[in-house]
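All values below come from the heavy atoms of this structure, side chains included, with hydrogens, waters and symmetry mates left out.
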Amino acid sequence: MRAAIGAGAAVLTVLGAGVLTGFAPQVRLDDAVSRSLYAGDDRTALVGGLLEVLTTPGVTWFRVLVFLPALVWLVRRRLWRTLLWVVVAITAIGPVTTALKEFAGRARPAFENGGLTYESLSYPSGHSSGIATLVTVGLVLAWPRLTAPARRLAVVSGVALAVLVGLTRMWLGVHFLSDVLGGLALGTAWSLAVALVARGLPGGAAALPERGVRR
């Protein structure tokens, strides 16, 4: 887990350095990818609406709504340490991402019906860090309670959802590729770091017990 946290922090830092310095290969790749994936200023309302729906799992209210039943269950079981790290992970990622956006100061892609419709900054992507947090916290929290086949399905489904949300940010023309990758790295590293510090990783004092084990 420490290696995964380090890898995520490294990706976030390297891409952020490229943004701050205007590293030419990164800028060119970002521009090429954003132009090739953008759904277009003339996209239909149906396409735009569909993309907005598909990108929704990355927003804060969706994340809180998804975890609400689990939070209620944790309160009823009086698993306060588990409750604390989950709440911190899923709610604080927003302010952390915003602070990094302000530090990087990157403007969004200049598409009329894409990045130019936003006043906020671009690196890292908040939707991407949000969905990475949702998936990572969900996997860490549920891991001890899942069977081996369920774990594999959960990982594949979580990765697919994170990739989809990341793609929607580029289809909508509101983020560059490095914004999305940086956001995914941030959300993953942040969630694992919070769980590690709070001992919420499987087997830790703030983790859920294995299936069939009562605490």
Side-chain angles (χ1 to χ4, degrees), residues 1-39 51 54-60 63 88-111 114-140 155 158-197:
M1 289 301 176
R2 287 182 173 86
I5 294 169
V11 170
L12 178 67
T13 301
V14 169
L15 292 176
V19 169
L20 287 169
T21 61
F23 184 53
Q26 181 176 330
V27 171
R28 287 196 296 267
L29 179 61
D30 275 343
D31 184 65
V33 173
S34 66
R35 290 182 182 281
S36 64
L37 292 182
Y38 182 43
L51 292 177
L54 292 177
T55 206
T56 299
V59 301
T60 300
R63 188 165 60 253
V88 169
I90 66 174
T91 58
I93 185 61
V96 169
T97 303
T98 299
L100 290 175
K101 282 177 181 284
E102 293 296 330
F103 178 75
R106 186 186 210 181
R108 291 179 183 265
F111 297 118
L116 292 181
T117 62
Y118 286 70
E119 295 182 357
S120 57
L121 297 169
S122 197
Y123 183 86
S125 163
H127 280 68
S128 298
S129 65
I131 191 58
T133 297
L134 186 156
V135 169
T136 305
V137 172
L139 287 173
V140 171
V155 169
V159 170
L161 180 60
V163 170
L164 175 62
V165 171
L167 286 171
T168 63
R169 305 314 290 160
M170 292 182 285
W171 286 333
L172 285 165
V174 296
H175 279 295
F176 296 103
L177 175 63
S178 56
D179 300 337
V180 170
L181 296 178
L184 293 175
L186 169 61
T188 302
W190 163 260
S191 302
L192 292 176
V194 171
L196 177 64
V197 170

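- Contact record, Ser178 with Val19: OG-CG2, 4.3 Å, taken as the closest heavy-atom pair.
- A distance of 6.5 Å separates OG1 of Thr56 from NE2 of His127, quoted to the nearest 0.5 Å.
- Within the model, atoms CG of Leu192 and CG of Leu139 stand 9.5 Å from one another, a figure rounded to the nearest 0.5 Å.
- A donor-acceptor distance shorter than 3.5 angstrom exists from the side chain of Arg108 to the backbone of Val174, with no hydrogens or angles considered.
- Taking the side chain to side chain donor-acceptor pair (under 3.5 Å) definition, one finds that Thr117 meets it with nothing, sequence neighbours left out.
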Practice task
Determine, stepwise, if the pair Tyr123 / Leu12 fulfils side chain to side chain contact (heavy atoms under 4.5 Å, CB included).
Solution key: CA-CA 10 Å; Tyr123 183 86; Leu12 178 67; 3.5 Å; yes
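- Taken to the nearest 0.5 Å, the CG atom of Leu186 stands 4.5 Å off from the OG1 atom of Thr97.
- With Ser191 contributing its side chain and Thr188 its backbone, the two residues share no donor-acceptor pair below 3.5 Å.
- Under a 3.5 Å cut-off, the side chain of His175 and the backbone N or O of Ser122 do form a donor-acceptor pair.
- Taking both residues in full, the closest heavy atoms of Asp31 and Ser34 are given as O-OG, 2.9 Å, listed atom of the first, atom of the second, then distance.
- Separating the CH2 atom in Trp171 from the OG1 atom in Thr55 is a distance of 10.0 Å, to the nearest 0.5 Å.
- The CG atom of Leu172 lies 11.5 Å from the CG atom of Leu37; values are rounded to the nearest 0.5 Å.
- When all heavy atoms of Gly183 and Ala132 are compared, the closest pair comes out as O-CB, 4.4 Å.
- Closest non-hydrogen pair, Gly182 versus Pro124, comes out as C-CB, 3.9 Å.
- Side-chain atoms of Ser129 and Trp190, non-hydrogen and from C-beta on, never get closer than 4.5 Å to each other.
- With a 4.5 Å cut-off on side-chain heavy atoms, Leu177 and Leu29 count as touching.
- In this model, no donor atom of one side chain and acceptor atom of the other lie less than 3.5 Å apart for Arg63 and Thr91.
- Remark: side-chain polar atoms of Gln26 are paired, donor with acceptor, to backbone N or O of Leu15 under 3.5 angstrom.
- At a threshold of 4.0 Å, the pair Arg169-Asp179 does not count as salt-bridged, since none of the basic side-chain nitrogens sits closer than that to a carboxylate oxygen.
- Of the possible donor and acceptor atoms, none in the side chain of Asp30 sits under 3.5 Å from a partner among the backbone N and O of Val27.
- When the side chain to side chain donor-acceptor pair (under 3.5 Å) test is applied to Thr133, no partner is found at least two apart in sequence or on another chain.
- The main-chain N or O of Leu121 is found under 3.5 Å from a side-chain atom of Lys101 such that the two form a donor-acceptor pair.
- Rounded to the nearest 0.5 angstrom, Ile131 CD1 and Ile93 CD1 are separated by 12.0 Å.
- Judged as a side chain to side chain donor-acceptor pair (under 3.5 Å), and not counting sequence neighbours, the contacts of Ser128 are Ser125.
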Exercise for the section: Test side chain to side chain contact (heavy atoms under 4.5 Å, CB included) on Ile90 and Leu134 and set out the steps. Expected result: CA-CA 7 Å; Ile90 66 174; Leu134 186 156; over 6 Å; no
